[in-house]
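All values below were derived from every heavy atom in this structure, side-chain atoms included, with hydrogens, water molecules and symmetry-related copies excluded. Here is the naming used below: chain letters follow the sequence lines, and residue numbers restart at 1 for every chain.
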Amino acid sequence: MESTASNEVVRDVQQNGLCTGCGACVNLCPYFRNHRGKTIRLFECDRTWGRCYAYCPRTEVNLTNLRKKLFQADDLTMELGAFKGLYMTQAGDETVRNAAQHGGTVTALMKLALAEGIIDSAVVAGDNDQQVACPEQVDGPDQVGSYSKSKFILPPTVGKLNEALKGKAEKIGVVAVPCQAQAMAKMRVNPGPSDAGNMSKLKLVVGLFCGWAFDGSKLRELLGKELGNTAITGMDIPPSRHKCMEVSTENGMVCLPMHEIQTCVADGCGYCIDMTCEFSDISVGAARSPEGWDVDKEWNQVIVRSALGQTLMDLARDRGILNFKEVPSGNLEKLQNASMKKKRSCLAYLAEKSGREDDFIFLSSEDPLIRRIRGLE
Amino acid sequence: MTTLNTGRKGEKMLLMGNEAIARGALEAGVNVVTGYPGTPSSEIIDRLSKADRERNLYVEWSVNEKVATEVAAAGSFAGLRSMAVMKMMGVNVASDFLMHLVMTGTRGGLVLVSAEDPGAISSLTEGESRYYSKFLEFPLLEPGGFQEAKDMTKWAFELSEKINNIVMLRTVTRISHGSGNVVLGELPETSPRAHFEFNGTILDEQTGPILTVPGPFAVNLHARQQNKLQAAANLFEDCPFNTYEGPENPELLIITSSVCHLYCIEAVELVDAPDRVGILKLGTTWPLPAKFLKKHMQRTERILIIEEVLPFLEENIQVLACQLGAEFAAKKFHGKGDGTMDKVGELNPTLVAGALSRVLDLAMETVSVDYSENINKQAVDNAPDRMLTFCPGCPHRASFWSIKRVLELNNQQGFVCGDIGCYGMGMLPCGFETVKTVHSMGSGTGLASGFGKLGQFGMDQKVLSVCGDSTFFHTVMPALANAIHHRADITLVVLDNSGTAMTGFQPHPGLTIKASGTELPALDIPSICRAMGAKVQVVNPFDVENAEKVLLKTIEDPDGVKVVVMRQICALSPEKKSKKQFEIQVDENVCIGEECGCNRLCTRVFKCPGLVWDGEKKTSKIDAVLCVGCGVCHSICPSGAIQRKEIA
Ligand SMILES: Cc1cc2nc3c(=O)[nH]c(=O)nc-3n(C[C@H](O)[C@H](O)[C@H](O)COP(=O)(O)OP(=O)(O)OC[C@H]3O[C@@H](n4cnc5c(N)ncnc54)[C@H](O)[C@@H]3O)c2cc1C
Ligand code: SF4
Ligand code: SF4
Ligand code: SF4
Ligand code: SF4
């Protein structure tokens with residue numbers, strides 16, 4: 001294969017099992033498309049430089065540089081990226097909470113951002129009964145609620161952003177998992193000439209914590225085997241001691257054993273260095289507390305990272321959009337440890353793939369952050 | 001103006017070989033003419049279809065060659081002179097019926113015209129059909145020129161009636177598509193009355209039922225058939241189409257047939273050896289006229305056989321020589337057997353002259369190396385740098401565009417089984433290299449039917465087949481029935497361009513016109529497929545977005561046979577030609593050309609010849625002469641640079 005931008009994406013990312021389907025290479029041009037969660041190149045492109053390569057979260061990247069360019073230097077931490085504070089919140093509105101994955105914080109924040117004109121358009125994730133996630137662009141706060149709940153097969157969200165950037169919206173907010181947020185960070189810091197003028201339209205990134213996502217075709221096969229045609233209304237993975245995935249269906253809750261579920265994890269997720277969605281303004285995950293899962297599943301843990309994130313959080317508090325409760329002591333440390341665990345295992349998998357202990361394929365071994373994670377600095 | 005069906009006896013006309021054959025049939029008073037289009041045969045039916053009312057003919061483009069032969073045979077059984085016309089591959093299709101027909105024999109003169117294509121100029125193989133005459137035991141005639149093409153056709157009907165069996169007339173591209181002066185003969189007044197007589201005994205060829213029956217009866221019929229062949233051989237002994245020209249006792253005797261006769265005459269002149277070489281031209285190449293050949297072979301010691309493509313004559317003559325005795329067997333034979341001639345490809349005068357110079361050890365004046373190198377260089381330099389591709393505005397390009405995209409999106413290494421037809425070019429970049437198998441007509445769907453059952457052995461690739469609308473009726477229907485019955489997981493894409501485009505828009509059962517242009521009921525492909533049990537969708541390939549959506553959903557439906565009819569009239573069809581739907585323009589201020597975001601999708605990938613790349617301006621533009629205004633490029637341009645305006 002000639003070494004062109006898109007060939008490198010196909011060969012070094014997709015064929016190498018690193019692609020997450022984030023969609024950053026999609027909708028830039030006629031060549032890359034995403035179908036049922038898989039990103040595919042339709043025709044060869046012989047350009048040597050290209051945005052597909054430049055934006056992909058699995059091509060060469062220096063995380064320290066990205067962090068420095070996007071956040072305040074004194075907020076940066078090795079474990080969690082830029083950090084202004086950790087909160088425990090839930091949506092004040094019960095209907096938002098009931099339709100949400102956990103506490104509904106993400107939905108509530110996006111509604112607020114739209115209502116307040118911080119953004120005029122939002123990219124969120126929808127899905128259909130065939131377990132195919134598809135990103136959607138919405139323009140009004142009332143529409144956000146119908147896209148609540150986590151989609152464990154990744155939608156090509158960044159591809160939707162690429163489309164939105166060409167459209168009418170002036171201030172766009174995106175809900176993203178970490179690989180998608182990392183792609184958007186690369187876009188913001190180093191946009192292609194044709195995007196430079198538009199990139200400032202990307203105003204807000206609300207991140208989701210993410211352990212891993214599913215490979216669509218593997219999960220669909222498993223669910224088909226276990227559940228047949230039963231319609232699925234939601235999924236979640238409660239804290240690890242439950243050792244199962246809860247699938248809500250039209251006929252009630254079904255628990256699928258973890259060892260079966262693990263065979264469906266997307267290959268690309270093993271090579272992800274970020275659990276808490278560090279390249280977002282504000283990021284949201286499940287809550288953990290001594291009160292137990294039945295209470296926690298109604299709450300979220302939230303990391304505020306940027307000035308805009310802080311503004312949004314303060315506004316939510318002032319308007320009573322979110323309920324707050326105290327973060328149990330020790331939660332920050334637990335989060336840091338979990339995050340570091342993902343970082344170390346990512347480096348170990350990459351070294352295993354490259355066959356060399358200091359070759360992390362797309363992550364630079366000279367990157368000070370990587371050196372610190374490895375304990376070299 | 002003199003036309004084929006008005007030209008009077010004694011008039012001289014410049015005729016194409018195929019027209020000469022058509023005229024010969026008219027002079028024979030033919031009544032029933034059938035055929036299936038295929039280069040180089042198609043003009044014969046085409047010309048006769050224009051004479052059908054004046055000359056009281058029934059002319060049809062049949063659904064395939066087997067049916068064409070059957071329809072013509074029915075004419076013969078009812079006492080009419082009849083003719084079936086096809087290209088050589090068609091004889092393979094007809095052969096099943098032919099094997100039976102030669103046993104039962106015929107009544108009205110019945111001629112099978114096989115137009116062959118040595119060198120495979122417009123065919124996928126150069127396979128020949130002469131061998132059928134020996135294997136199925138019926139007479140074979142090969143005209144060696146244009147006059148003879150006419151005269152021999154007429155004679156073939158008479159021969160058929162003398163022996164009561166079918167006669168094959170074999171022509172080749174250079175006769176069929178070459179032209180020469182032909183002196184016309186009389187056009188007879190015919191007043192035929194068709195009637196099928198079956199009240200006689202089963203053994204009475206003229207009045208009994210016409211049957212093949214197993215057992216001793218079949219053996220009987222077989223013996224009768226061989227007697228007919230012997231009768232033909234006897235007639236061939238003093239047939240005017242077998243000629244000799246040259247010295248009384250030539251040093252070398254050339255035996256040849258068909259267009260090679262002309263090459264031989266020229267070659268002998270080229271090597272300037274008219275007093276050393278004699279040319280025996282056979283018009284009747286099976287069965288061989290043994291006495292005639294013996295007479296000429298005994299006057300020489302060396303024999304060179306010149307024919308296209310396989311050594312059919314050569315081997316039969318060698319067998320004859322052995323039968324004639326040791327003296328003949330000991331003669332020196334040159335030809336394909338000893339490597340003097342190739343067993344593949346077309347011949348020409350130079351090749352024959354080369355052979356003569358080697359055999360006779362003569363110096364031949366060859367062109368200088370410089371000259372031939374220069375010719376080749378000129379040819380390469382002056383020809384525009386163009387790939388074999390679909391025409392501008394061809395619906396197949398749009399169809400394959402969608403097929404390619406859905407196969408990629410589906411991401412299961414799917415592929416397309418194709419066959420002959422313009423759409424066979426789906427294997428090339430113009431079809432985005434989606435077609436991965438190409439064989440005989442209809443075989444794409446047969447292969448797909450097989451591939452579609454291999455899931456049991458782990459095959460998870462998506463299987464598509466493509467066929468044209470004409471091919472659908474020709475041989476796809478049985479394959480489709482097979483696939484549906486066996487629940488093969490395949491998608492058949494019918495590329496319905498409303499005509500047999502590759503060979504010149506001959507009608508077929510899906511259209512309301514017959515060969516002569518009158519109205520006939522059309523068969524609706526989607527309804528047929530639905531009735532057969534397939535799920536059917538009809539889309540317009542020019543509506544790229546919808547076509548892609550429907551195709552993708554269809555191929556991902558794992559349940560049985562799906563059919564997508566992609567319907568759009570061929571850009572060259574008479575209805576559409578020179579009628580643009582859209583005025584197309586590229587806005588060079590909007591076109592982003594090679595930039596990231598397009599990289600010349602239209603001129604680098606889609607490649608309609610109507611679009612050209614302007615290397616200086618770095619934008620694409622429309623070639624107003626070539627663009628037919630289909631508007632598809634407008635739909636694929638990512639930047640909206642290709643603008644279209646509907647032409648009222
Ligand atoms: C694949 C995946 C893995 C996760 N893993 C963890 C984990 O290990 N630990 C943890 O604490 N939390 C994890 N989360 C986050 C968690 O599931 C909740 O999304 C989060 O707690 C926010 O809850 P909420 O009630 O505020 O969300 P909601 O109010 O329901 O809103 C969720 C929002 O996210 C959008 N969205 C859903 N799925 C996606 C997606 N795949 N990509 C982009 N946008 C999406 C929706 O459109 C909606 O706007 C994961 C989420 C996903 C999608
Ligand atoms: S993003 Fe640019 S370089 Fe990459 S495939 Fe598309 S046009 Fe080519
Ligand atoms: S990781 Fe994202 S940007 Fe990279 S190839 Fe996959 S879908 Fe494209
Ligand atoms: S597809 Fe459109 S943008 Fe691309 S080169 Fe052609 S006209 Fe220009
Ligand atoms: S409109 Fe476009 S695709 Fe159609 S013939 Fe013209 S250049 Fe070709």
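- The backbone N or O of A:Pro57 sits less than 3.5 Å from a side-chain atom of A:Gln182, completing a donor-acceptor pair.
- Contacts of B:Leu552 with chain A are made by side-chain atoms alone, with heavy-atom separations under 4.5 Å and no backbone atom involved.
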Any idea which donor-acceptor pairs are under 3.5 Å between chain A and chain B?
residue	atom	partner	partner atom	Å
A:Tyr31	OH	B:Cys598	O	2.6
A:Tyr31	OH	B:Asn599	O	3.3
A:Tyr31	OH	B:Arg604	NH2	2.9
A:Arg33	NH1	B:Glu548	OE2	3.2
A:Arg33	NH2	B:Glu548	OE2	2.5
A:His35	NE2	B:Glu556	OE1	3.0
A:His35	NE2	B:Glu556	OE2	2.9
A:Glu44	O	B:Arg604	NH1	3.0
A:Glu44	O	B:Arg604	NH2	2.8
A:Asp46	OD1	B:Asn599	ND2	2.8
A:Arg47	NH1	B:Glu594	O	2.8
A:Arg51	NH2	B:Cys596	O	3.1

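- The closest side-chain heavy-atom distance from B:Pro609 to B:Pro392 is below 4.5 Å.
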**Request:** For the pair A:Cys134 and A:Asp127, evaluate side chain to side chain contact (heavy atoms under 4.5 Å, CB included) and give the outcome as yes or no after the intermediate values.
**Result:** CA-CA 5 Å; A:Cys134 48; A:Asp127 69 358; 5.7 Å; no

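- Under the rule for a ring pair (Phe, Tyr, Trp, His ring centres under 6.0 Å), A:Phe362 has no partner lying at least two apart in sequence or in another chain.
- Nearest heavy atom pair, residue B:Cys630 against residue B:Phe542, reads CB-CE1, 3.6 Å.
- Applying the side-chain contact (heavy atoms from CB on, under 4.5 Å) test to B:Leu428 and every residue at least two apart in sequence or in another chain returns B:Leu388, B:Met425, B:Cys430.
- The contact between A:Leu42 and chain B is made by backbone and side chain atoms together, counting heavy-atom distances below 4.5 Å.
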Which pairs of donor and acceptor atoms, one on a side chain in residues 167-177 of chain A, lie under 3.5 Å apart (sequence neighbours left out)?
residue	atom	partner	partner atom	Å
A:Lys171	NZ	A:Gly117	O	2.9

